Amino acid sequence: MYVILVYDISNEENGPKTWRRVFKICKKYLTHIQDSVFEGELSESQIFKLKGELKKHLRTDLDSCIIFKSRNEKWLDKEFWGREDNATSNFL
């Protein structure tokens, strides 16, 4: 399953520490494409594990996280407005 994950971490009450932890967890599973946006292919069990790890750190009264799911990347039209940044271009 192809997913796009977006999160918004509040700066209140140790926000930067929470942001770093959430970022690190998301990077374990997905490709970082913009400040708080990740994408990639995950199985249902990987999504379950990711959700479990994030739940430990997300503060439900301050932070939010959204996962958009698609059966496959081919069902998603990606259009860049402005500078196009291809995350896979970092590989040699």
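Everything quoted here is computed from the prediction, not taken from an experiment. Counting begins at 1 with the first residue of the sequence.
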>> According to a hydrophobic-cluster definition based on side-chain heavy atoms being under 4.5 Å apart (Ile, Leu, Val, Met, Phe, Trp, Tyr only), do Ile66 and Ile33 belong together?
In response: yes

>> My understanding is that only residues two or more places apart in sequence, or in another chain, count here; which of them pass side chain to side chain donor-acceptor pair (under 3.5 Å) with Glu79?
In response: Trp81

>> The criterion is side chain to side chain contact (heavy atoms under 4.5 Å, CB included); which residues satisfy it with Val6, sequence neighbours excluded?
In response: Ile4, Val37, Phe68

All N/O donor-acceptor pairs, side-chain side in residues 13-26, below 3.5 Å, sequence neighbours left out:
residue : atom : partner : partner atom : Å
Thr18   : OG1  : Asn14   : O            : 3.2
Trp19   : NE1  : Tyr7    : OH           : 3.4

> Is there side-chain contact between Val3 and Leu50, with heavy atoms separated by less than 4.5 Å?
Replying inline: no

> Quick one: does Leu76's side chain get under 4.5 Å of Glu39's, heavy atoms only?
Replying inline: no

>> I want to check something: taking the side chain as every heavy atom from C-beta on, are Cys65 and Leu5 in contact at a cut-off of under 4.5 Å?
In response: yes

>> Using the ring-ring contact (aromatic ring centres under 6.0 Å, His included) criterion, which residues pair with Tyr2? Sequence neighbours excluded.
In response: none

>> Apply the hydrophobic cluster definition, ILVMFWY joined by side-chain contacts under 4.5 Å directly or through others, and give me every member besides Leu62.
In response: none

> Roughly how far, to the nearest 0.5 Å, is CD1 of Ile67 from CG of Leu54?
Replying inline: 7.0 Å

>> Tell me which pairs pass salt bridge (charged side-chain N to carboxylate O under 4.0 Å, His left out) where either residue lies in residues 41-50, with sequence neighbours left out.
In response: none

> Under the side chain to side chain contact (heavy atoms under 4.5 Å, CB included) test, which residues partner Asn72, sequence neighbours left out?
Replying inline: Lys74, Trp75

> Partners of Ser45 by side chain to side chain contact (heavy atoms under 4.5 Å, CB included), sequence neighbours excluded?
Replying inline: Ser43

>> By the side-chain hydrogen bond (donor to acceptor under 3.5 Å, both in side chains) test, which pairs, at least two apart or in different chains, include something from residues 51-61?
In response: Lys28-Glu53, Tyr29-Glu53, Arg59-Asp63

